[in-house]
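Right, one structure below, let's go through it.
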2 protein chains.
Amino acid sequence: MDETSEREPSELPVAMGHLPELLGYALRRAQVAVFADFHDRFSSDDITPAQFGVLEVLKYNPGLRQTQVSAALGVRRTNFVPLFDGLEARGLAERRKVPADRRAFALYLTPKGEDLLQRLEQRVCEHEAKFTARIGADGKQQLLRLLHLLCDN
Amino acid sequence: MDETSEREPSELPVAMGHLPELLGYALRRAQVAVFADFHDRFSSDDITPAQFGVLEVLKYNPGLRQTQVSAALGVRRTNFVPLFDGLEARGLAERRKVPADRRAFALYLTPKGEDLLQRLEQRVCEHEAKFTARIGADGKQQLLRLLHLLCDN
DNA sequence: TATTGTTATACTCTATAACTATA
DNA sequence: TATAGTTATAGAGTATAACAATA
C-alpha cells in the first residue's frame, strides 16, 4: 500500500470543536477514566462503585433504613433492591427487621462486610493516589471543591 | 403521629463517610447534575449529549470516516451505527460513499443539521452559563484544566 | 391515605462475537 | 489477512407502574 495516499484521512487529528470547553463533556470523560481504573482494580472482587458506596454509607450509618440509604446515594428504591440483594447474598451486608415499623428494614454491614470494606478502603486510596499524582494534592482539593459547588447549587 | 418519636431516623443527616473525598463519586454526582440540566433543555429537541457530540465533530470535520468519528468520541463503532442512524433518519446528517474506499462512509451534516446545531450551540451556552454562575469563570477554567489533566495522563 | 419494600418491565448504554464487502 | 461497517445479542444502569404489608 502507498503510505502517502493511504494515510490521508487517519493521520489528521480530529477537531473536537467546542466539546473540550463543555463541562458535561469534560466531566463525562473524566468520570469514564476514573471508573475504568476503579473497575480494573476491583472487578476481581466483584465490587462496583455503587456497591462500594452502599458499604461505605452503612459503615457510618449502621441501622439506616433501606429507603434512606438509597436516597442518600441517589439510587431509586426500586433499583436499590437488587443492588443490596447482591451484597446480602454474598454475606457482606444484611437486612434486619425493625420492631417499631414492621414495613421497614434496617441495614447493617456483617463482620465479613466490615473486613472487606477495610481492605477496599486501603486500595481505594491507591486508586485515588493515581489521579492525585496527575493534578497534585492541591489540584485534587480544588477539583473536589468545584465539583461540590456544581452539585450543591 | 407523635413527631418526636416518629422522626427519629429520618431527620438525622446521613454521614457519607469518605465518599465526598473520592474523585469518582464527586465526578459522577457532578456529571449527573450537568446531564440532567442538558436533558431538561434538549429532550424536547430529542438531542442527547452523545448526539450533540456527533453533530459538533461533523461540523468541524466534514467528511470524516464513520470509524474516526466514533473513535474520537469514545463510542465503539458497533454502538455508533444506531446513534448515527437516528441522526440520518431525521435528516440532520448523512453518509456518503467514498470512491477511494468502497467499504467506507464519509459523514456530513445536512443543511438542516447545520441549522439545528447552530441553534443548539446558542442554547448550550445558556446551559454552561448556569453552572459557570455557580463556580465563576475562573472556576470553570480551573475545573476544565483539572479534568483534562485527569484524562490526558 | 401514605409509606416501605418489592416485582415486573422497558429503555438506554455499553460490550462482544460474528458477519459482509471490500482492501 | 486486515479493515469498514453492520447485525445480533447480552449485560449494566436507570426509569415507571403497580402490588402487598403496614402505618
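Computed from a predicted structure; not experimentally measured. Just so we're on the same page: letters track the sequence lines, and every chain starts at 1.
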In whole angstroms, how far is the [atom2] atom of [N] from the [atom1] atom of [X]?
{"X": "A:Asp46", "N": "D:dG11", "atom1": "CG", "atom2": "P", "answer": "14 Å"}
{"X": "B:His39", "N": "D:dG13", "atom1": "NE2", "atom2": "C1'", "answer": "15 Å"}
{"X": "A:Phe80", "N": "C:dT7", "atom1": "CZ", "atom2": "P", "answer": "14 Å"}
{"X": "B:Leu83", "N": "D:dT6", "atom1": "CG", "atom2": "C1'", "answer": "15 Å"}

### Task
Keeping to residues at least two apart or across chains, list the salt bridge (charged side-chain N to carboxylate O under 4.0 Å, His left out) pairs with something in residues 42-51 of chain A.
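Salt bridge (charged side-chain N to carboxylate O under 4.0 Å, His left out) check on residues 42-51 of chain A returns A:Asp45-A:Arg123.
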### Task
Quick one: which residue pairs count as a ring-ring contact (aromatic ring centres under 6.0 Å, His included) with a foot in residues 120-153 of chain B, not counting sequence neighbours?
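Qualifying pairs: B:Phe38-B:His127, B:His127-B:Phe131.
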### Query
Among pairs that include at least one residue of residues 85-114 of chain B, which meet ring-ring contact (aromatic ring centres under 6.0 Å, His included), considering only residues two or more places apart or in two chains?
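Of all non-adjacent pairs touching residues 85-114 of chain B, none passes ring-ring contact (aromatic ring centres under 6.0 Å, His included).
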### Nucleotide of C:dT6, D:dT6, C:dT4 approaching A:Thr67 most closely (side-chain heavy atoms)
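My answer, after comparing the listed nucleotides, is C:dT4.
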### Message
Tell me every residue that passes side-chain hydrogen bond (donor to acceptor under 3.5 Å, both in side chains) with B:Glu94, counting only those two or more places apart in sequence or in another chain.
### Response
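With sequence neighbours excluded, B:Glu94 shows a side-chain hydrogen bond (donor to acceptor under 3.5 Å, both in side chains) to B:Arg96, given in chain and number order.
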### Task
Could you list the residues that satisfy side-chain hydrogen bond (donor to acceptor under 3.5 Å, both in side chains) with A:His18, not counting sequence neighbours?
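B:Glu56.
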#### Entry: Nucleotide-resolved protein contact map, nucleotides 12-21 of chain C, B/S/- at heavy-atom distance under 4.0 Å
-SBBBB---B
### Message
Less than 3.5 Å apart, any donor N or O on the side chain of A:Gln66 or A:Arg95 sitting next to an acceptor on the other?
### Response
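Present: a donor and an acceptor within the cut-off.
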### Residue mapping more 5' on DNA chain D - nearest nucleotide basis, A:Pro49 or B:Gln66
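Whichever sits nearer the 5' end wins; that is B:Gln66.
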